[in-house]
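These notes are about the structure you will find just below.
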Amino acid sequence: MSTLVMKFGGTSVGSAEAIGQVAEIVLDQARQWERLVVVVSAMSGVTDALIRGARTAAAGDDRTYRAIVTDLRAKHYGAVSTLFADDARADLLATVDAYLDEFAAFCHSVHVLGEVTPRAMDAISSLGERISARIVAALLRQRGARSEAVDATELIVTDDRFQNAAPLMEATRQQVAARLVPLLAQGVIPIVTGFIGATEKGITTTLGRGGSDYSAAILGDCLDADEVWTWTDVDGVMSADPRLVPDARVIPTLSYSEVGELAYFGAKVLHPRTIRPVVERGIPLWVKNTFNPTFPGTRIVSEAESTPGTVKAVTAIKGLSLVTVEGRGMMGVPGIAARTFAAVAAQGASVLMISQASSEQSISFVIPTDAVPPVTAAIEEEMALELARRDVDRVWAMDDVVIVTAVGAGMRSTPGVAYRVLGALAHGAEQAINVIAIVQGSSECSISLVVAAADAAAAVQAIHKEVIVNHV
Ligand code: ADP
Ligand code: ASP
Ligand code: MG
């Protein structure tokens, strides 16, 4: 039985016009597939606003969240009023009000308590998708289709790592079979809330920011879908962030490992964890543009159809610091790297990149800047003895750095890619860009460089121009 799962991102449901376009696309595909499942994000900006409301309330401010309620009401009312007439409109406006009342009540409690737990944050940040799914389902009904909003809390069973929950696939498969498959059998198009799930006890969780892609991939896996399509506001995965590099171009095919590196290093067009469930099943994944639906987009394939020597894309990730543990006596201390990273891991910080100088007199690694104070404190505690003996001289952080990554499976078989990337930084920008550290990704389809944040845009543009555009 042919099955398609389509996910529409925040901008794709970001206005009445966009939602109208989504309905067209869904109706069109409904004619071509026996089973069609739609996953939607919240309207663009809504999740950010909900989170900001909760944070400000926790910090003692009870005005901001009220202002956010007003803004969000206007945003959703605007879309509903444009798209619907009479009865359906009244019902939907009442639905919007009910969810925003819930938001205000949560923020009120958070304000009283003076803190927002990860669990409360998930309850709050899940509301945007609950509203958008209902609007999209109602519009499809208005246009003659059978459609129903489904909260993913009824489908996607997760662990209880609030704000970054992982699906429990067996339980999820059972829920999907019990709740979604019968709807599909009746010819209903389910509109599922992206981003959210629930624990086995039914407590709402979220899959991490940008997690709607992941929701679509999970459902694609559980339904054994033939294809998964994620619809966004650009023509596909591009050779660089189009906001940074205006002449970035669409990449027609990317392998799973390439897109994994890209997503991991900041190209947020696809949520990094999305790839896994679809790779494991070999389900084709497409990234398409809601606002240019006839354009094929990017196909993510399991086997790299990589052109030798080609770097396909360059990306940057910001908000990072380079932490260095250094000392001339370090060479003689056994297990120093293991102890360092154990101390980092104990703080729950994710290490994006590691480089150790061959002299073994220092270890450097990149972590998000907000993790620096706990991480340096933990390392200093772990190394207290070595610091006292001067085997380790200091633990220090350089803030305001970015990781710029060039991605392409072709570099595996091509010598000299690192040389070209470095050459682009030396000669490709107006002023030579200083490289603080360089690392080749373990999958050998990426090279990452640490540069100062101020050089990020110039570095991305230089690599794009010298290594991608001039060398294909
Ligand atoms: P959605 O809400 O549809 O999930 P996102 O904002 O999460 O959309 O992701 C799409 C955005 O990702 C694009 O608008 C683009 O600005 C940004 N982006 C960053 N890097 C890339 C890239 N290499 N290719 C395509 N888009 C990129
Ligand atoms: N609405 C959620 C977010 O903004 C999930 C998503 O858009 O994928 O993070
Ligand atoms: Mg996204």
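Read the numbers this way: they start at 1 and go in the same order the structure lists the ligands and their atoms.
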Decide whether the shortest distance between a heavy atom of [X] and an atom of ligand 2 is less than 4.0 Å.
{"X": "G10", "value": "no"}
{"X": "G210", "value": "yes"}
{"X": "E129", "value": "yes"}

Just checking, any donor-acceptor pair under 3.5 angstrom between side chains of [X] and [Y]?
{"X": "T205", "Y": "T158", "value": "yes"}
{"X": "R273", "Y": "N164", "value": "yes"}
{"X": "T204", "Y": "R130", "value": "yes"}
{"X": "S321", "Y": "T369", "value": "yes"}

Looking only at heavy atoms, what is the nearest atom pair of V234 and N289, with distance?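 Of all heavy-atom pairs spanning V234 and N289, the closest is O-CB, 3.2 Å.
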On a heavy-atom basis, which atom in L36 and which in P190 lie closest, and how many Å separate them?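 Minimum heavy-atom separation between L36 and P190: O-CD, 3.3 Å.
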Is there a nitrogen or oxygen of [X] sitting under 3.5 Å from a nitrogen or oxygen of ligand 1?
{"X": "S12", "result": "no"}
{"X": "K7", "result": "yes"}
{"X": "V234", "result": "no"}
{"X": "D213", "result": "no"}

Could you list which atoms of ligand 1 come closer than 4.0 Å to a heavy atom of A267?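 Near A267, the atoms of ligand 1 are 20 (N), 23 (N).
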In terms of atom number and element, which parts of ligand 1 are under 4.0 angstrom from non-hydrogen atoms of D233?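 Per the distance check, 10 (C), 13 (C), 14 (O).
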Please state whether the rings of W33 and W229 are parallel, tilted or perpendicular, taking 30° and 60° as the class boundaries.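 Correct class here is perpendicular.
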Parallel, tilted or perpendicular: which fits the ring planes of Y65 and F103, with parallel below 30° and perpendicular above 60°?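 The rings of Y65 and F103 stand perpendicular, inter-plane angle above 60°.
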Just checking E102: does its CD atom have more than 12 heavy atoms from other residues, nucleotides or ligands closer to it than 6.0 angstrom?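 Yes, the 6.0 Å shell around CD holds more than 12 heavy atoms from other groups.
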What protein heavy atom is closest to [atom], reported as residue, atom name and distance in Å?
{"atom": "atom 9 (O) of ligand 2", "value": "R209 NE, 2.6 Å"}
{"atom": "atom 6 (C) of ligand 2", "value": "S212 OG, 3.3 Å"}
{"atom": "atom 17 (C) of ligand 1", "value": "R243 NH2, 3.6 Å"}
{"atom": "atom 26 (N) of ligand 1", "value": "V269 CB, 3.6 Å"}
{"atom": "atom 3 (O) of ligand 1", "value": "T232 OG1, 2.8 Å"}
{"atom": "atom 23 (N) of ligand 1", "value": "M238 O, 3.0 Å"}
{"atom": "atom 2 (O) of ligand 1", "value": "G10 N, 2.9 Å"}
{"atom": "atom 25 (C) of ligand 1", "value": "G236 O, 3.4 Å"}
{"atom": "atom 7 (O) of ligand 2", "value": "S41 OG, 3.3 Å"}
{"atom": "atom 21 (C) of ligand 1", "value": "D241 CA, 3.8 Å"}

Could you work out, for atom 5 (P) of ligand 1, the closest of K268, R249, H271 by heavy-atom distance?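 Considering heavy atoms of K268, R249, H271, the nearest to atom 5 (P) of ligand 1 sits in K268.
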Do NZ/NE/NH1/NH2 and the carboxylate oxygens of [X] and [Y] come within less than 4.0 Å?
{"X": "R134", "Y": "D151", "value": "yes"}
{"X": "D221", "Y": "R173", "value": "yes"}
{"X": "R209", "Y": "D48", "value": "yes"}
{"X": "D159", "Y": "R161", "value": "no"}

When you measure from the heavy atoms of V237 to every atom of ligand 1, does any distance fall below 4.0 Å?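 Within the 4.0 Å threshold, so yes.
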Within a distance under 4.0 Å of any heavy atom of T47, pick out the atoms of ligand 2 and give their elements.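 So the atoms of ligand 2 that pass are 1 (N), 2 (C), 3 (C), 4 (O).
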Scan I156, L180, L168, V157 and name whichever one has a side chain to side chain contact (heavy atoms under 4.5 Å, CB included) with Q175.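 Looking at I156, L180, L168, V157, the match for Q175 under the side chain to side chain contact (heavy atoms under 4.5 Å, CB included) is V157.
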With heavy atoms under 4.0 Å as the rule, classify the contact between A240 and ligand 1 as side chain, backbone, both or neither.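 The answer is the backbone.
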